[in-house]
Amino acid sequence: MNTTTSSQEAAWTPRTWRDYVALQQPEWPDGDAHEAALEQLSSLPPLVFAGEARELTERLADVAAGRAFLLQAGDCAESFDTSADSIRDRLRVILQMAVVLTYYTGVPVVKVGRIAGQFAKPRSSDTETVDGVELPSFRGHIVNDIGFTAGERTADPNRLLTAYNRAAATLNLLRAFTKGGYADLARVHQWNREFVAASPAGQRYEAIAGEIERAVQFMSACGISSETLTDLRQVDFYTSHEALLLDYEEALTRRDSLTGDWVDCSAHMLWIGERTRQLDGAHVEFLRGVANPLGCKVGPTATTDDVLALCETLNPTRTPGRLTLVTRMGATKVVDQLPPLLLAVADAGHPVVWVCDPMHGNTFTADDGRKTRHFEDVLAEVSGFFAAHRFADTHPGGVHLELTGDDVTECLGGGAEVATADLGSRYETMCDPRLNGSQSVDLAFRVAELLRNGTH
Ligand code: PEP
Ligand code: CO
């Protein structure tokens, strides 16, 4: 795929970002060890293949055209200590949500995890001060550790290699689950964990699972089963993360032997964060040159000129599926801020996938000092997103969520009502508050209703 204009094309290499200002890069005290880690990374096998990234671009082209829906979800910051059970449970809640969305809307759901590489976090400040002690901020497990000691907060280049290894192990497990029988539609009941099943959304899910089970039995009686039709037994699940540490991404960027394109083989899809989407910045420079499908966060300060320029730079060939704009305006702003952007992009003829991140514009500090989000605000932003698309006559392409399959108490409200007083009981996130399993399934039902009642 030719993703750059001819004058820019000559100039781009996986290293040209180094001539631009790269925000949010850590300071590595041991420069030699950092260089050695990058060199080793560049000789390791790719984590994903170019053909898979191309296939995801095609799936996303269906989303851009309104023929499919994107569910992009997972952790805010993955931990190096994540257990196999926790990885399975995140997959399982995403499969549950996809079933709800597909069942209600009859539209295929493209499943992309914030997983197997979502280890780097942008921070609003380089340092954190506690009781008069100032230390570097936690930047995700790919850089340093969350504990508040000088040793734990020092950027350690060995973590780049650990991140690669953890991503490989996570991806291996995901491939086994999605291709090896766990995702078989005949097991739709087993994806409902006990604590989710006990919630109102979980009970609603049980009802759908019962219907699907009957349909599967019926088809099996007619000779169509997961043994004869692999589509019933397997799902396509793609990986994504914020492309924040550019030297890590550069080291995993390889030439596709088939097309000659450069592909960032650290994940199928990469996105640019709200804090690093400057047009003249290093992140945009790096990502414009890789052939992967790209995401870019768009917050409330983005102007129509900013968004149009991002579309031109990141997708000059206007390839459908190449560019996903992930809007994160906040529940109170989305109805005013989003329509002008939708209209301008449609006017310019850019085939963008529009996705709603209803998490990052709705974070606040609760009375107990913890960062949280209210389920009702999340829902209100999704609802405003759908309304904006109805107004602009564009496709609401999907949702981008921070969630976990675990029974955490990080976001308020939802079907099984988490109250401020509950936040402390299982607040486990290393960064932003995530929806728990039952809040996630609850949200899937609400999104499905919005989708079904929309005009699209
Ligand atoms: C994130 O997705 O975790 C994140 C940091 O989002 P944003 O760039 O939109 O603030
Ligand atoms: Co986050």
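Counting starts at 1 for both ligands and their atoms, in listed order. All of these numbers come straight from a predicted model, not from anything done at the bench.
With hydrogens and angles left out, the side-chain atoms of N192 and Q96 include a donor and acceptor closer than 3.5 Å. A side-chain donor from one of D247 and H34 sits under 3.5 Å from a side-chain acceptor of the other.
Between Y248 and Y164, the gap from one ring centroid to the other reaches at least 6.0 Å.
Atom SG of residue C431 and atom NZ of residue K121 lie 5.0 Å apart, to the nearest 0.5 angstrom.
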Are any protein N/O atoms closer than 3.5 Å to the N/O atoms of ligand 1? If there are, list each pair with names and the distance to one decimal place.
| unit_1 | atom_1 | unit_2 | atom_2 | d |
| --- | --- | --- | --- | --- |
| ligand 1 | 2 (O) | R114 | NH1 | 2.8 |
| ligand 1 | 2 (O) | R114 | NH2 | 3.4 |
| ligand 1 | 2 (O) | K297 | NZ | 2.8 |
| ligand 1 | 2 (O) | H360 | NE2 | 3.4 |
| ligand 1 | 3 (O) | R114 | NH2 | 2.9 |
| ligand 1 | 3 (O) | K121 | NZ | 2.7 |
| ligand 1 | 3 (O) | H360 | NE2 | 3.0 |
| ligand 1 | 3 (O) | E402 | OE2 | 3.0 |
| ligand 1 | 6 (O) | K297 | NZ | 2.9 |
| ligand 1 | 8 (O) | E274 | N | 2.9 |
| ligand 1 | 9 (O) | K297 | NZ | 2.9 |
| ligand 1 | 9 (O) | R328 | NE | 2.7 |
| ligand 1 | 10 (O) | R275 | NH1 | 3.2 |
| ligand 1 | 10 (O) | R328 | NH2 | 2.9 |

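Between the R193 side chain and the G405 main chain, a donor and an acceptor come within less than 3.5 Å of each other.
Among the heteroatoms counted here (N, O or S) of D432, OD2 is the one nearest to the Co ion (ligand 2).
The angle that E402 OE2 and H360 NE2 make at the Co ion (ligand 2), rounded to 10°, works out to 80°.
No side-chain heavy atom of T404 sits less than 4.5 Å from a side-chain heavy atom of D89.
Ion pairing between E381 and R373 fails under the 4.0 Å rule for side-chain N and carboxylate O.
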